[in-house]
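So the structure is just underneath, and the comments pick up after that.
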2 protein chains.
Amino acid sequence: MKRISMIDVAKAANVSQATVSRALNTPSRVSKETLEKIINIIKETNYIYNSAAADFTRQKKTLIGLIVFTLKSSIQTGLIDGIQKEIEKTNYSLIIGNSHYDPATEHRLIQEFQERQLAGIIVAESTELNRDFLRSVHKAGIHVVLTWDKNEDPVLDSVGIDNYKASSDMTNYLIGLGHRRIGFIAGMYNKIERVRHRFEGYCDALKAADIPIDHKLIISTTPSALNGKIAMAQLLSHDPDLTAVFAASDALAFGALSAIRDKKLRVPEDISICGFDDAEFSSFCSPSLTTIHVPTEEMGRCAANVIVEKIRTGKENQLKITLDTNIIIRDSCGNPPHKK
Amino acid sequence: MKRISMIDVAKAANVSQATVSRALNTPSRVSKETLEKIINIIKETNYIYNSAAADFTRQKKTLIGLIVFTLKSSIQTGLIDGIQKEIEKTNYSLIIGNSHYDPATEHRLIQEFQERQLAGIIVAESTELNRDFLRSVHKAGIHVVLTWDKNEDPVLDSVGIDNYKASSDMTNYLIGLGHRRIGFIAGMYNKIERVRHRFEGYCDALKAADIPIDHKLIISTTPSALNGKIAMAQLLSHDPDLTAVFAASDALAFGALSAIRDKKLRVPEDISICGFDDAEFSSFCSPSLTTIHVPTEEMGRCAANVIVEKIRTGKENQLKITLDTNIIIRDSCGNPPHKK
DNA sequence: TTGAAAGCGATACCAT
DNA sequence: ATGGTATCGCTTTCAA
């Protein structure tokens, strides 16, 4: 049993294939009777329109690709959700690739997306290693939007937040509370630009306050509650003078809280903790977490809108959008304990 | 500037297009010199292989669709991550649709996927309303795998867990601890099959223990920490006799813990709480959460493998796979307090 | 309003 | 090992 195609419908309706195509795409350009006849035949025959063939003929895909580092994070999920919500309003669909923090995988995904002739690619955090490649893809006519970080790329569009500033603001907040020995737990800042910017924000804020940077207080790890707990336990056992820790993601901060409880210390009386992201759980944990709110969903929506707009208009102007973040003060930070 | 196509490469290399195609797909069937020549030309000309056109010609797509109810849940994320990890080992790509709990949207997505000629569709929780449609899609040659629930569908494959049994086991555990007034907070069991099965498991366990079902103790809401908190606050203010609450998702349970803290009650001394899912945060919150471990990632991997296998072999045998769940006992459940 | 026909970019069968 | 060519299912110009 062969699959029914447009030509079969045309024959059955005694019209040309062109007319069937018009009936489906621009019904206003077909007479009422013909339209009705065609619609009926389609129903009778269970004809399924082949949008893949249409894309092929039109020489343009209706797919947009998204590349993320990981899917296991509420933060990425918020972004994806936002992107999805905007994309689904259009006739585009979203195709997702996961690079697992690996530049080579990311490269492969970009190439694959290019070969699939996608209309556009949103990259949540490309490593700088692939920037040249992305620029060449962009030059070849596929729209590219970088997201997550306020980005200096001279060619590519970007939609992100100012990770550096948010991080330095938060560090200053801790300094303002009186802390001098402030630990820092973060993702892999050697690999991920936005995390590096957070790290730089932390360092520069300390420098500006004449606090020396102590590398024993800095831990880089894969962001997860478990790793946050491990990192915090390590800091606590090595550094009795520590009075505050800035965890550059809420998942890490959440795990850190658990390590502190295990040591029978109190937050914020004995030690202050703050996070970065404003994940859903952060306002419900105990104590609730002081953190930086990141508008992940809005960021996703914005990135999606930018790329759809670019695809539709074909404009070449570069767009750089930076969304605001702000410190959400809750219960996990306070003044440092008095020296014993 | 026109895009370079295979025919251009062929001309430049003084061979036929067929040879270029062979060079790319089955290099062993091309002489060494020819192959080399072609490779060079490709590099020089920056030719990009058009896999969309190849899919079209071959009459089969290399895309697999996934439909989820929501992306905002670590549970869905685990599933997606698992699917992704297996899919990316193959030459298929994953395209994601979000139905937002809406059957009509789900219907639209299924249709869209069918029109895109996808090789297969994984549906994380279709509403039963769309089962007929899915069966027709399956009949039309697109492989379909249902996931999340042990499923009785007579035609479609499924990979899931036994939500009913897990839920009744957990309820029995609470009953075994001595609880008689057990609240239940869950997602929308009227709309989602797996949640309904959890609800039925709870009800049947109570019945079996001769505990009457009290609808004032049952709340249905959208799963999130916030809603869990709201629901728990409501239960606490209406029902002073309540000694335990079974939240049918960890996010709800997490919010419930927060509501209990606000009332200055202790867990588990005053009230026991258990969840469902075993989300990452559940072992790090305070108290750590007794819950049901769901192998989301494995479920995703398994669903992906099933669909890829079906696509490749074209086999028609129906597969029903049920993965095991188990109760993870942590610190949030205990015996009920003594009657005052 | 409708039809005829070219074309999109590859694959794959059949020859040579 | 290589080439010629029909073909996939649709869109789109040009004519009628």
Side-chain angles (χ1 to χ4, degrees), chain A residues 1-39 41-42 45-63 91 112 114-119 140-141, chain B residues 2-39 41-42 45-63 91 112 114-119 140-142:
Chain A
M1 161 185 120
K2 208 176 128 291
R3 169 170 273 146
I4 296 126
S5 71
M6 205 179 255
I7 191 94
D8 303 315
V9 175
K11 278 177 193 158
N14 261 316
V15 295
S16 74
Q17 193 182 356
T19 302
V20 178
S21 178
R22 282 185 206 108
L24 261 30
N25 291 295
T26 49
S28 63
R29 293 177 40 182
V30 172
S31 78
K32 214 178 147 195
E33 306 88 60
T34 315
L35 181 59
E36 203 168 319
K37 194 165 57 179
I38 291 172
I39 300 292
I41 300 277
I42 286 178
T45 54
N46 279 319
Y47 162 68
I48 308 286
Y49 178 77
N50 185 332
S51 62
D55 273 5
F56 173 58
T57 302
R58 285 204 188 93
Q59 297 282 73
K60 50 182 242 190
K61 293 274 110 206
T62 48
L63 287 171
N91 58 334
E112 185 189 314
Q114 188 179 21
E115 292 188 348
R116 283 190 190 278
Q117 321 283 309
L118 300 203
Chain B
K2 210 176 130 289
R3 169 169 271 146
I4 294 126
S5 71
M6 204 179 254
I7 191 92
D8 302 316
V9 175
K11 277 178 194 156
N14 260 318
V15 295
S16 73
Q17 193 182 356
T19 302
V20 178
S21 179
R22 281 185 208 106
L24 260 30
N25 291 296
T26 50
S28 63
R29 292 177 40 183
V30 172
S31 80
K32 215 178 146 193
E33 306 88 58
T34 315
L35 182 59
E36 203 167 320
K37 193 166 56 180
I38 291 172
I39 300 291
I41 299 277
I42 287 177
T45 55
N46 278 318
Y47 163 68
I48 307 287
Y49 179 77
N50 185 333
S51 63
D55 273 7
F56 173 60
T57 303
R58 285 203 190 94
Q59 297 282 72
K60 51 182 240 189
K61 292 274 108 204
T62 48
L63 287 171
N91 58 335
E112 184 188 315
Q114 188 179 22
E115 293 187 348
R116 282 191 191 277
Q117 319 288 136
L118 300 204
I142 297 183

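Reminder, nothing fancy here: chain letters follow the sequence lines and each chain counts from 1.
Checked against D/dG4, C/dT2, D/dG9, the side chain of A/Arg22 finds its nearest nucleotide in C/dT2. Here the nucleotide nearest the side chain of B/Ser5, chosen from C/dT2, C/dG9, D/dG4, is C/dG9. Relative to the side chain of A/Ala18, the nucleotides D/dG4, C/dT11, D/dT12 differ in distance, and D/dT12 lies closest.
More than 12 heavy atoms of other residues, nucleotides or ligands lie within 6.0 Å of NZ in A/Lys37, so this atom counts as buried by the packing criterion.
Per the geometry, CG belonging to A/Leu24 stands 9 Å off P belonging to D/dC10, to the nearest Å. Atom pair B/Glu115:CD and D/dC10:C1' shows a separation of 13 Å (rounding to whole Å applied). Between the P atom of C/dA10 and the NZ atom of B/Lys60 lies a distance of 18 Å, rounded to the nearest Å. Counting to the nearest Å, the P atom of C/dA12 and the CG atom of B/Asn25 are 7 Å from each other. Distance CE (A/Met6) to C1' (D/dC8): 14 Å, rounded to an integer number of Å. In this entry the distance linking NZ of B/Lys61 with P of C/dT11 reads 12 Å, nearest Å. Rounded to whole Å, atom C1' of C/dA4 lies 15 Å from atom NZ of A/Lys11.
In terms of heavy atoms, A/Tyr47 sits closest to A/Ser5 at CE1-C, 3.6 Å.
At least one side-chain nitrogen or oxygen of A/Arg58 sits closer than 4.0 Å to the OP1 or OP2 atom of D/dT11. Contact annotation: A/Gln17 side-chain N/O to D/dG9 OP1/OP2 distance is not under 4.0 Å. Between B/Ser31 and D/dT2 there is a side-chain polar atom (N or O) within less than 4.0 angstrom of OP1 or OP2. Not one side-chain nitrogen or oxygen of B/Asn50 sits closer than 4.0 Å to the OP1 or OP2 atom of C/dC8. Phosphate proximity of C/dT1 to A/Thr19: absent, as no side-chain N or O sits under 4.0 Å from OP1 or OP2. Residue A/Tyr47 places at least one side-chain N or O under 4.0 Å from the OP1 or OP2 atom of D/dC10. Residue A/Ser21 places at least one side-chain N or O closer than 4.0 Å to OP1 or OP2 of D/dT11.
Within 3.5 Å, no donor on the side chain of A/Arg3 pairs with an acceptor on the base of D/dG9, nor the reverse. You'll find a donor-acceptor pair under 3.5 Å spanning the side chain of A/Thr57 and the base of D/dG9, going by distance alone. Donor-acceptor pairing under 3.5 Å, judged by distance alone, is absent between the side chain of B/Ser16 and the base of D/dG4.
The line from CD1 of B/Ile42 to CD1 of B/Ile39 is 5.0 Å long, rounded to the nearest 0.5 Å. A distance of 3.5 Å separates CG of A/Asp55 from OG1 of A/Thr62, quoted to the nearest 0.5 Å.
The only member of A/Thr34, A/Leu24, A/Asn14 that meets side-chain contact (heavy atoms from CB on, under 4.5 Å) when paired with A/Thr19 is A/Thr34.
Contact annotation for B/Asp55: no contact, since no heavy-atom pair falls under 4.0 Å across all strands. Nucleic acid contact for A/Ser51: none, since no nucleic acid atom lies under 4.0 Å from a heavy atom of the residue.
Between B/Glu112 and B/Arg116, at least one side-chain nitrogen of the basic residue sits less than 4.0 Å from a carboxylate oxygen of the acidic one, meeting the salt-bridge criterion.
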